[in-house]
Structure formats: C-alpha cells, structure tokens
Amino acid sequence: MWKVTLRGITTKKLRFLLTASSVMLGVAFMSGTMTLTDTVRATFDDLFRDINEGTDVVVRGVQPFESDFGDVPRRPVPAALLPAVREVPGVATAEGLVEVPYAQIVDEANEPVGNPGLGAPSFGFSWTDDEDLNPMTLQPGGHAPAAADEVVIDKGSADAGGIAVGDTVRVLTQQEVKEYEVVGIAKFGAADSPAGASIVMFTTEEAQRINNFRDQYSSIAVVGDGSVSQQELAERIARSALVGSDVEIVTGEALIEENQDQLAENIGFFNTALLVFAFVALFVACFIIYNTFQITVAQRTRELALLRAIGASAAQVRRSVIAEALAVGLAASALGLGLGILLSVVLKNLLNTLGFDIPATDVVVTPDTVVWAFVVGLLVTVLSAVLPARRAARVPPVAAMRDVAVERPTNFGRRLLIGGAILALGAAVLVYGLFATPDDAVAFIGFGAFTVFIGVFVLGPLIVRPVARVLGRPLVLVKGVTGTLARENAVRNPRRTAATAAALMVGVALVGFITIFAASAKKSIAHAIDQQLKSDFLVQGGTGFAMVPLSPTVAETMRTVPELSVVAPVRFDAVLVGGEQAFVTGADPATSSELVDFDVREGSLRDLTADGIAVSERYADDNDLGMGDLVVVTFPATGDVPMEIEAIYSRREMAGDFLITLDAWATNFLPQQQYDSLVMARLAPGADADAARAAIEEALEPYPTAKVRDNAQYKEDQAASVNQVVNLVYALLFLAIVIATIGIVITLMLSIYERTRELGLLRAVGMTQSQMRSSVRWESVIIALLGTALGLVIGLFFGWAVVAALRDEGFTRFAAAPGQLLVIVVVAAVVGVVAGVYPAWRASRLDVLRAIATE
Amino acid sequence: MGPSGSGKSTLLHCIAGLDRLTSGEVWLGELALSQLSERELTKVRRDQVGFVFQAFNLIPTLNALENITLPMALAGRRPDDEWLDRVIDTVGLRDRLTHRPSELSGGQQQRVAVARALASRPQIVFADEPTGNLDSRSGAEILSFMQRAVREFGQTVVMVTHDPIAASYSDRVVFLVDGRIVDEIHDPTADSVLRKMRELGD
Ligand SMILES: Nc1ncnc2c1ncn2[C@@H]1O[C@H](COP(=O)(O)OP(=O)(O)O)[C@@H](O)[C@H]1O
Ligand SMILES: [Mg+2]
C-alpha cells in the first residue's frame, strides 16, 4: 500500500509541487512574520539592555492612565527631589533627565530631516555627561551642549540632512522654532541612531524650557555605588527622599523589562495583524488541497477500486490518501519554513530602507516558529484531505469495471438546505458581532465571515451552472464553438469548479470589502468636511492621518496674515471620560464655532468656560446626561476632574464627543502637551484665496512641517491616507490571490489530463493549437470570474454590514465603488488568463495520436 | 485489411495528416502533406478530411448537432444547410440533434460521427474500424450509411476493418502485412475477403 502511495507521488511531481506550494506560501508568510518579530524583539531587547545598563534606579512621574489612542506621557518630577536622592546612602550619582517628546530637525534646504509622522519618531532629551546614564556617545570633534542654543544630534540625522559640527539647524518643538548650533554628533552604541529615530540633545535647561517645565525633570536616573542591590537602593530612596504619590521608583532591571514588554506589545499587534493575512492565505489553501485531492481521488476511482478488488481494506485506501496528504504537508511545511526565514530577512531589509533602522543581528528562529510551521502546515493539509480520503475509502470494488471520473449527481435539495443553513448562521453571527457589539466582537465577526465563506462554498456547485451560463454567454457569441467548449468544460464538474472558484472568492471578497469600506470612509469624511467645515484653510503638521505637533506659534503667526479673518487652533489628545478611553478636542469655542458647524442643540459653545465641557448629543443620550450634569474627565496632569456640561452638539465627525476650551487644556494637560494638532482659518472678506495662501505659506516658511490645505486638498489628504492603508491591505491579500491562482492552475491541469482523449479528438477534427489554448484560457477566465462574482457579492455584504455597524463612528455614507469593483473584475479576468497560460500550453502541445490512443 | 499490427491505423493517420512520416510522401489530391506546417495540416484535417474512430468520437459537452458541425465551427464557416439536412436525414438523426453523447446509444454515437465526417464535404473520409465496438445490427446500419454516401454523394471513403462482412460493403479491399500492401480485391464479397485473409494468414 505504501508503495502505491509513494509511486503516486513520484509520478505526479508537478502536481505534488503545485499542491504543496499553496500551503507552502501560507506557512512561509506565517513563519516569516514570526521570525521577523522574534528577530526585531531580540534586537531591541539587547538594545534596551545596553541603554539602561548603567542605570540602577529611576525616579519618575506616574503615568496618569493608559490609552490605546496614544502614549500618555508621565508627569514630571520636582527638581527638588534630586538633592534628596543624591543624599541617599548607596547612591553614587543621580541626574535629572528631561525627555522632549517632539523635536524635529530642519536642514539647510528647509526640509525636515527624516519622514515626519510616518517613519521613526523625532524627539529630544537633555544631554548628560554621565556615561552610565547617557546612551549616546559623542563622536570625536564635538562637545556636549553648553549653552541654550547648542545641541548634539544623532549621526543618522546628521548624515541624512548633510549636517556637520558647526552648522546651524532649526529645530521644531512645541515652542517657537529656534536656531541652534550643532556642537556635536553622537552615535547610539554601534548604530547611527536608535531604530532610525531622529534625536536632538539639548542642555537640561533648554529641554526644560521646551517642555514648559519649571524646576521639573522627566525623571531622575540613579547610579548606585555597588554597595547594595538595585532593589535595596530603590527601597532606600523610597524611604528617605520626599517622595510624593506622584512619583514612582523603579529599578534599572525593571525598566529594561518594562521597555521590553512595551515593545513586545507593540510588535505583538503588528504580528497579529500579519498573522491574520497568513491565516487567510492558509484558509484559501485549504480549498485547494481539498479540491486537488477530491479530483485525484475521482480520477483514480478505477485504480482504487482495483486495489479494493484485490483485497485492500477501506481503511487502507483511506490511509493511503491521508499519507499522501501528510507527504504534501510535510514538504509544504519544510519549504514554507525555509522560505519564511528568507522572507523575514527581506522584510527586515525593507524596513531598514523605509527608515526603521533595525541594527543588524542574526535572524532569530525560535523553536515555536518551527513547531507552528509544521503543525499548521500538516494540519491544514491533512484536514483538507479528510473528506476526499473518506470518499476514496467508499469506492466499491465493482467501480473497477465502470467508467471513470463521472461526478456523482448533486443532491440539490440537501445541498441547498445545508449550505443555506451554514450561510444563514454565518451571516447571523457576523451581524450579531457587528451590531450587538458583544465583548468578543472581533471573534464573532471573524467566525461569522469564515462561516459565510463555508456556506457559499457548500452552495457553490448549485450556483456554478447558472452563473457560468450567464458569464459565458458573450463568450459563446464572440468565440463560437471555442467559447462553448470553454463554458461547458467549466461547468461539467460543478463541484470541482465551485471549489476552485471558492479559493479565489475568499481573496476577492476581502479585497472587495476593503474597497467598499475605504470608499465609504472617504465619502463619509468628504461629507463631514463639506457639511461641517466653514473654514477656507487648514494647517496641519504633515498630511493625512499622520499628526505631527504644531507649535502654538504657528497659529500666532497666522494671525498676523492680513488676508485671514479668523484663525482657530485645535488640539486632540487622549483622556478618560467616566473611566472609558476617549479623545478630547481642545479649541477656542468662539472662533472654532465660527469655522465648524457643530449644530449646537443646547447651550452655547461661545459660553463654554474652562470648567465646562461640550458633549455630543449621542454621548449625552447614551449616558442619560443633560445640560448642567457633571462628567468626570481624567486628565494627564490633573487627574479626575468633574466638568459641567455647558453645551450639547449633534455633529461629532470633526470634534468627536468632547470639546473643552484651550484654557482648560492648559491647566489639565501636562506642560509638554501644549501644542496644536491643526489650525483652521477663514479668508478675510474680499481677500483673494491664492494671495492668502501665498501669504500663509510665506509666513509659515520657518515651519516646514506645517502644510497649508484648502478644503479640497484636505479631503484629498484624508483620502490619500485611507488609500495608503488600503494599499497595504491589498498587498497582503495579494498572497491569497496568488494561492487561488495556483489552485486554478492545478484544477485545469488535472482536468486536461482527464480530457486527454477529447482534446486529441478536437485536434484531429481540425482544432488549431491556438484555438485549443484559447478554449482552455477562457475556461480559466470563467472559473476566475465565477469566483470573483461570488466574492464580490460577499464583499458587498461585508462592506454594507460593517459600514452600517459603524454609522455612529462617522461612517455616514455607503459607497459601493462600482468603478473599483469593475477593476477587480478585470484583474480577476487577468488572473484567469494568467492561470490558464501553462495548462493551455500543455493542452495545445498534446500529441494528437497519443491522445487518441490513450486508454 | 490486414492482421493486427500490420500498420492499418498508422497508414490512415499518415494520410489524414495526423501522423508524420519518417520518409516518403503523402499526397492528398494536389497537396503534399509532408511539406505542410502543423497549422496547415490542421486546416487540411478540418476542411479536406473526415475521420471516424472506433470509439470516443464525440465531444461530451456538445450536443449531436454541435458535434456534427464542429469542424466547420472551428473553421468559422457556416455549414451548407441543405447539405447538412441531407446528411442528417441520411443517418436518421433528425430527432436526436439536441441530445448529448451520453444520452445516445453506441450506434447513434457512431452515426453522429459519420455525419460529422460527411458534413464538411471533405475530399476523403477515413474510418478506423468504425463498427468495431458495435453490435452487428448497428454496425450494418453505419456501413450502409457510408455506402450511401459513396453511392449517392460520390464521397470517397477509406475504411479499416477486421470484419470480412464490413469489407464487402466496399468497392475495393487492400491488404496490408508488416506495413506493406501485399494484395487487393475489387468488388469484394465477404467470402472472397475471408478466403484472401486465410491465404495471407498462412
Ligand atoms: N510503415 C510502417 N513503418 C514502420 N512501422 C510501422 C509502419 N506501419 C505501422 N508501423 C508500426 O506498427 C505498429 C502497429 O501499427 P498499427 O497501425 O497500430 O497497426 P494496426 O492498426 O494494423 O493494428 C505501430 O507501432 C506502428 O508504429
Ligand atoms: Mg488499428
């Protein structure tokens, strides 16, 4: 029996390889992702250890709360603590350090160095001469910053901006833009900069000035004299110094672990996102494995029956099919793992060229990755082959005398019932997950989508014939008998065609869904802008979703432009409201309500005080709140602050659910959070728009990250940002499409093999080679279009459901994006043509006589 | 006629442009087949030659009429309707035209194949043991259709057969042994053919 299995594999090498490759690609993507994240994590684990090696204890402010909306900075520590800490026995040295959250270098050509908002971050900190506490090393020829207008910058930025010691640079921070002399260039260990970040090192006083710190530090770093453990030293400091509740004390070791955990969490998110796509790819591969085995079992019916007739048991037959699947899975896993490791190296280099400078280290392949690669590869293959194996075992010995490979007639009613039930269940779970938003909404949505696919897959064979008939009609008209043959061949084995198309369906459905989702997002954003924005210009740090802080001096500068009548800066940041994570908008109520149509329902924005808050009608309704009620907002600087509702507005797309005054912002946010997110402006009556724009741009020349946009451009920017995300998703889904294409190739190859004699006959009665190729190609196109049609229907459903569910999150408009969906159809047709190339060539090269003679 | 392995099928394939010669020439009317490209040969098969095989003559996805007109459809030509009607009536398939091969009996399938071979008015029709898989009644039907094609339409038919009775439908029987023509009979009867075969068998 094993011999038969083995022979089967070795004689059908190409089919074996193609089948394995579908799983292999999925496994490669999975193990590549895992290897990449493990490698990056290992690299940074080392890095954090290096940075913090000299630090024994850190005294720092508490983090007021955590938020998924961004890093919430820690509160500063009073400088008065420093002398007290220095007094503690066991402390060798202690330094006050200041971290500047945003410091962007601008080079001679007035270009920001690096990739503001998109690439690695730009920040600053205070220079310390203590080598134990300073992770950076000055390069020869430079010195530490000694005056308020002197800085040291990292070598990566110096190289990127062509900056040398002695040059003057401008640095954008939350203060007014300022010129500094570069007095030194520093490296980060062996690297030019940490992970490609751009760093400016100021004097401590200058860093404090930028952060609006008054006798405050971000933290106090302590080096012990070695007499006691880090733990003991930390405890001593905690006991002796004037430590308030605002301060926490951690050991260097804990800090390293914390950094590492933080990174692991960030990477974990990235890792999960990529693994989702690996899962999609493997899901698609399941269809292909299933289909391939199903077809080969059908084609081998006679052989299997013969085996049964000469005494093989049903179990033996079943095991022989499973054994073949095991072999496929094993090959796919091993090759996939190898390819994945290669892929991780490629991706890492790609990240490096994008500006995320990941220090060179060895690729880290953990045992986990290897185990997962094999477990997943084998499971996917073997499970997909279970049904075909059962079918093989059911072949009766008498089938040896019957004709081959005729598909059993489909039991229409039963299939409709089962498929319909699965589909309905999937749709119900999906809709429940989306609209009822249970705790594990994502799990419900994922499972629902998965089940919808399975349901359509089961229903597929029933749909194949009618849909292919419709799709094939124009083909028959144009191509005549070649077209008829293509169409009829596509539907002659409905189950086979359905399974092949299903693989493509999954990818197309997701692509279609993303397309619709993105189009709806763009339309909703554009609608919100049209409806609510009454300003003429918007100034943003960077473009699109990338928010780069703007110094409040940008708005001040704009106020000096005579062509503008109203200038309103706006801020967004993370807070907790009633203990829930939220975003709050800070704006001057008078000016901003002139520039944004909030549609105020109760109260008046103009009368908003520093102790009050304006909330959206939705928030008020959902929480049974009204005018004069108190809302507890947790701010970074002041903690829980009860604020009175002084206005209620209905249009929440621009400002979200909460709006406070700039005065409230100044008191409740930390001193280093006093920057603007964007500035809106209105043209003075009678002023010319072009002239105004030129005037703003000239005034803002010292702030090259500030981009002046009119409303149309602002819409375009937002759309471009959506497109960026969508393109990334497209790229990741490309893998699923490739695998589906392989599936079409395999099916066609097997079908052609099965039709050898028929193809020979066609050639004998006068079909030319090119007609033969054309016929196979069109068959392929029909299968591809069938998968696409099913996929688009599902994609439309997903898109509609998700957009409808997100109505309250600003998805007020649904866009079916017919143009883009048409592009998908065209791409699918091309996929069909490409998938058909090799099988068509093989078919046309069949030796006519051998084909006729084939028994 | 000739014993199994004597080269009957090979000869037929060569004349029909299905097989290539190692040496020698094939002339089909005015055409030297050995000088033609694969493309031109395909056209010859489509336009000048009709072929009936022993089995698996039809495309299962096409119905009877589509199978009959297949060579013309491949050539992008409209069939001559009057002629087509005559052929269809001759083989008696009028009420079976929309059936798929799987819905036809073996004899009916062969009749469709004969109709296909005749429908494009080829110079010559080749039939390789066309009755080999049929019961004697269906076989006799097929043979008489082909005979009518010769008598009434002036169609040239070359047929390979094992069966002396089948051979007796023809005007001339050529005997092959080891790839060579060794003898022939004009106006054969089943008896004369049988006798000749015994002779050659010895
Ligand atoms: N003229 C020939 N020269 C060389 N080999 C030949 C010739 N004719 C036939 N053969 C070979 O003899 C074998 C049997 O021929 P085939 O045409 O199938 O015989 P038949 O149809 O009479 O049973 C084939 O392998 C073929 O290649
Ligand atoms: Mg023969």
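Numbers restart at 1 for each chain; the letters A, B, ... are given by sequence-line order, proteins then strands.
Looking at B/L41, there are no atoms closer than 4.5 Å to chain A (heavy atoms on both sides), in backbone or side chain. Heavy-atom distances place no part of A/R755 under 4.5 Å from chain B, backbone and side chain included. Looking at A/E758, both its backbone and its side chain come within 4.5 Å of chain B, counting heavy atoms on both sides. When heavy atoms are compared at a cutoff of 4.5 Å, B/R100 approaches chain A solely by way of its side chain, counted from C-beta outward. For a residue to count as touching a neighbouring chain, one of its non-hydrogen atoms must lie under 4.5 Å from one of that chain's; by this rule B/F53 touches chain A with the side chain only.
No side-chain heavy atom of B/R46 sits less than 4.5 Å from a side-chain heavy atom of A/V765.
A/R763 contributes atom CZ, which lies 4.5 Å from atom CD of B/E38 (distance to the nearest 0.5 angstrom). The CZ atom of A/R492 lies 5.5 Å from the OG1 atom of B/T61; values are rounded to the nearest 0.5 Å. Taking CD1 of B/I59 as the reference point, atom CD of A/E488 lies at 12.5 Å (rounded to 0.5 Å). Atoms CG and CG, from B/L62 and A/L485 in turn, are 4.5 Å apart once rounded to the nearest 0.5 Å.
Here the side chain of A/Q769 pairs no donor or acceptor atom with the backbone of B/R39 at under 3.5 angstrom.
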Give the intermediate values and the outcome of side-chain contact (heavy atoms from CB on, under 4.5 Å) for residues B/L74 and A/Q771.
CA-CA 8 Å; B/L74 287 171; A/Q771 281 175 320; 3.8 Å; yes
Let's go through B/L70 and A/L762 carefully: what are the C-alpha distance in whole Å and the side-chain angles of both, what is the deciding distance for side-chain contact (heavy atoms from CB on, under 4.5 Å) to 0.1 Å, and is it a yes or a no?
CA-CA 9 Å; B/L70 181 59; A/L762 281 168; 3.6 Å; yes
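For the options A/D847, A/T768, A/L761, A/T484, heavy-atom pairs under 4.5 Å to chain B are most numerous at A/L761.
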